[in-house]
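I have placed the structure first, in the form of structure tokens, so that the comments after it can refer back to it.
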Amino acid sequence: MIAEPLPRWLQLLAERMHTTGVFGSLVPNHVLVNEYLPGQGIMPHEDGPFFSPVITTINLGSHCVIKFYRPRDSDIVSETANGREGSDSDNPATTNSRHSLESRRVTSLFLEPNSLLVLREDMYTRFLHGIEPVPQDSLAEVRATCANAAQCPSLAAASDDVLARSTRVSLTIRHAPNTIKLKFKLGGK
Ligand SMILES: O=C(O)CCC(=O)C(=O)O
Ligand SMILES: [Fe+2]
């Protein structure tokens, strides 16, 4: 990976995240900005060995539900070339794969708007994480399956049967140990 300076607003966020202590002495130097429209998600995957094994995610906009899965066949997470294990059989869009995927679900978390998610240890190195591509979540299902449901103020306040998703932006802040600093000379000699 080639290192480029973070834009100032992200650098400030990365420094602020460092002060939480979750990265130890490492200063996070990598930020991924993802936007999800209602009905969009991300297939179950692992983030791979490229990053130091802590992920912090700032959740903006919509709520969502992130689900954690045992990897197929083995408790040892396989590392693929691009660091992701997701495949067609992990695609939650079909009924069969949804069933087999659900049988590997370990837990789920409800991500409140303006919340911070910290993943580390087994939740990073052992389990896959994914977000189902659905436009809404059933309140009853969220309350029954999300490990942190009792701690979520917006669930306590909710009364409709479904929670509609709106646009969500996630800022995933990590530390990438092996970055190459390249200096480009534009128009120079
Ligand atoms: O948007 C999220 O909360 C998760 C994103 C993610 O898992 C990834 O980009 O690797
Ligand atoms: Fe991820």
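Fair warning: this is a prediction, and the values are worked out from it, not measured in the lab. One-based numbering, in listed order, for ligands and for the atoms of each.
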Subject >> is_close_aromatic(Phe51, His175), centroid dist under 6.0 Å >> reply: no
Subject >> Flag side-chain contact, heavy atom, 4.5 Å: Leu171 against Leu32 >> reply: no
**OP:** Under 4.0 Å from a heavy atom of Ile42: give me the atoms of ligand 1 that qualify, with their elements.
**Re:** 6 (C), 8 (C), 9 (O)
**OP:** Return yes if some donor-acceptor pair links the side-chain N/O of His129 with the main-chain N/O of Ile66 below 3.5 Å, else return no.
**Re:** no
Subject >> Crowding at CD, Glu4 (>12 non-hydrogen neighbours, <6.0 Å) >> reply: no
**OP:** Hey, could you give me each pair passing salt bridge (Lys or Arg N to Asp or Glu O under 4.0 Å) that has a residue in residues 13-35? Not counting sequence neighbours.
**Re:** none
Original post:
Would you say the side chains of Asp122 and Tyr124 form a donor-acceptor pair under 3.5 Å?
Top reply: no
Original post:
Can you give me the OD1-the Fe ion (ligand 2)-NE2 angle for Asp47 and His129, to 10°?
Top reply: 90°
**OP:** Answer yes or no: does an N/O atom from Arg168 fall short of 3.5 Å to an N/O atom of ligand 1?
**Re:** yes
Subject >> Per-atom contacts of ligand 1 with Asn34, taking only distances under 4.0 Å to non-hydrogen atoms >> reply: 1 (O), 5 (C), 9 (O)
Original post:
Side-chain contact, heavy-atom cut-off 4.5 Å: Phe68 with Ser108?
Top reply: no
**OP:** Consider every N or O of Thr57 and every N or O of ligand 1, then say whether any pair is closer than 3.5 Å.
**Re:** no
Original post:
Counting each atom of ligand 1 from 1 as listed, which ones have a heavy atom of Leu32 under 4.0 Å away?
Top reply: 9 (O)
**OP:** Keeping to residues at least two apart or across chains, list the salt bridge (Lys or Arg N to Asp or Glu O under 4.0 Å) pairs with something in residues 142-166.
**Re:** Asp137-Arg165
Original post:
Which of the atoms of ligand 1 are close to Tyr36, meaning less than 4.0 Å from one of its heavy atoms?
Top reply: 1 (O), 2 (C), 4 (C), 5 (C)
Original post:
For ligand 1, which atoms have a heavy atom of His45 less than 4.0 angstrom away?
Top reply: 6 (C), 7 (O), 8 (C), 10 (O)
Original post:
Which ligand 1 atoms are under 4.0 Å away from a heavy-atom of Ser170?
Top reply: 1 (O), 2 (C), 3 (O)
Subject >> ligand 1 atoms in contact with His129 (distance to a heavy atom under 4.0 Å) >> reply: 7 (O)
Original post:
Counting each atom of ligand 1 from 1 as listed, which ones have a heavy atom of Asp47 under 4.0 Å away?
Top reply: 10 (O)
